[in-house]
Amino acid sequence: MPYEYDEENIFAKIIRHEIPNDTVMETEYTLAFRDITPQAPEHILVIPKGYYVNYDHFAQEATDPEILDFTRVIGAITHAIGATPGNGGEGYRLIANAGRNGVQEVPHLHVHILGGRPLGRMLQRAE
Ligand code: AMP
C-alpha cells in the first residue's frame, strides 16, 4: 500500500518556509531545528526535506543521497552539541516515533536528538 503524506502538516510548512523555525543545521536534503517544547537541555529535531511520513517510508523510498545526508547531519549534531561519548561527551538519545503505537504527533519523519542531562531509562512500562 502506498504511503499517504499530509502536505499540510507543520513540518511540511516549515520546509516551505510558511512558518518559522530555530534552525541548527541545513543541507540540500536535511533540516535540523530546535524542538518548540524541549524535553532536555538539548532537543533538536532532524527532518528530511523530502516528504516522508516516517522512518520506514524514508528507508524504502528515499534516494541514497537523502539517506546519507540525513545520517550525516544527525551525526554532525551529536558532535556539535558535545554529546558524543567517544569524544568525551556524556551521551544522547535518538528517537523516531511512528504511527499510533509510536505516538507520532507530526506525520513527517523526524528524529529527536536529546541530550544535556541524564535521560533515564528508555521506556516506562505501561500499567
Ligand atoms: P512526535 O511526537 O515524535 O511526533 O514529536 C513531535 C515534536 O514536534 C514534539 O516534540 C513537538 O514539541 C515538536 N513540534 C511541534 N511543532 C513544532 C514547531 N513548530 N517547531 C518545533 N518543534 C515542533
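Predicted model, so just to flag it, every value in this text is computed and none were measured. Atoms within a ligand are numbered from 1 in the order they appear, just like the ligands themselves.
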Quiz item: More than 12 foreign heavy atoms under 6.0 Å from CZ of Arg117: is that the case here?
Solution: yes
Report each N/O pair between ligand 1 and the protein that falls under 3.5 Å, naming both atoms.
{"from": "ligand 1", "atom 1": "2 (O)", "to": "Val103", "atom 2": "O", "distance (Å)": "3.3"}
{"from": "ligand 1", "atom 1": "2 (O)", "to": "Glu105", "atom 2": "N", "distance (Å)": "3.3"}
{"from": "ligand 1", "atom 1": "3 (O)", "to": "Asn97", "atom 2": "ND2", "distance (Å)": "2.8"}
{"from": "ligand 1", "atom 1": "3 (O)", "to": "His110", "atom 2": "NE2", "distance (Å)": "2.8"}
{"from": "ligand 1", "atom 1": "3 (O)", "to": "His112", "atom 2": "NE2", "distance (Å)": "2.8"}
{"from": "ligand 1", "atom 1": "4 (O)", "to": "Glu105", "atom 2": "N", "distance (Å)": "2.7"}
{"from": "ligand 1", "atom 1": "4 (O)", "to": "Val106", "atom 2": "N", "distance (Å)": "3.0"}
{"from": "ligand 1", "atom 1": "4 (O)", "to": "His110", "atom 2": "NE2", "distance (Å)": "2.9"}
{"from": "ligand 1", "atom 1": "5 (O)", "to": "His110", "atom 2": "NE2", "distance (Å)": "3.2"}
{"from": "ligand 1", "atom 1": "5 (O)", "to": "His112", "atom 2": "NE2", "distance (Å)": "3.4"}
{"from": "ligand 1", "atom 1": "10 (O)", "to": "Asp35", "atom 2": "OD1", "distance (Å)": "3.3"}
{"from": "ligand 1", "atom 1": "10 (O)", "to": "Asp35", "atom 2": "OD2", "distance (Å)": "2.5"}
{"from": "ligand 1", "atom 1": "12 (O)", "to": "Asp35", "atom 2": "OD1", "distance (Å)": "2.6"}
{"from": "ligand 1", "atom 1": "22 (N)", "to": "Ile36", "atom 2": "N", "distance (Å)": "3.1"}

Practice problem: Could I get the full list of salt bridge (charged side-chain N to carboxylate O under 4.0 Å, His left out) partners for Glu42, not counting sequence neighbours? | Solution: Arg34
Quiz item: Just how far is it from atom CZ of Arg72 to atom CE of Met25, taken to the nearest 0.5 Å?
Solution: 13.0 Å
Exercise. Please list, chain by chain and in numerical order, all residues satisfying salt bridge (charged side-chain N to carboxylate O under 4.0 Å, His left out) with Glu26, sequence neighbours excluded.
Key: Lys49
Quiz item: Side chains of His57 and Leu109: closer than 4.5 Å at any heavy-atom pair?
Solution: no
Self-check item: Contact list for residues 75-109, test ring-ring contact (aromatic ring centres under 6.0 Å, His included), sequence neighbours left out
Solution: Tyr5-His108
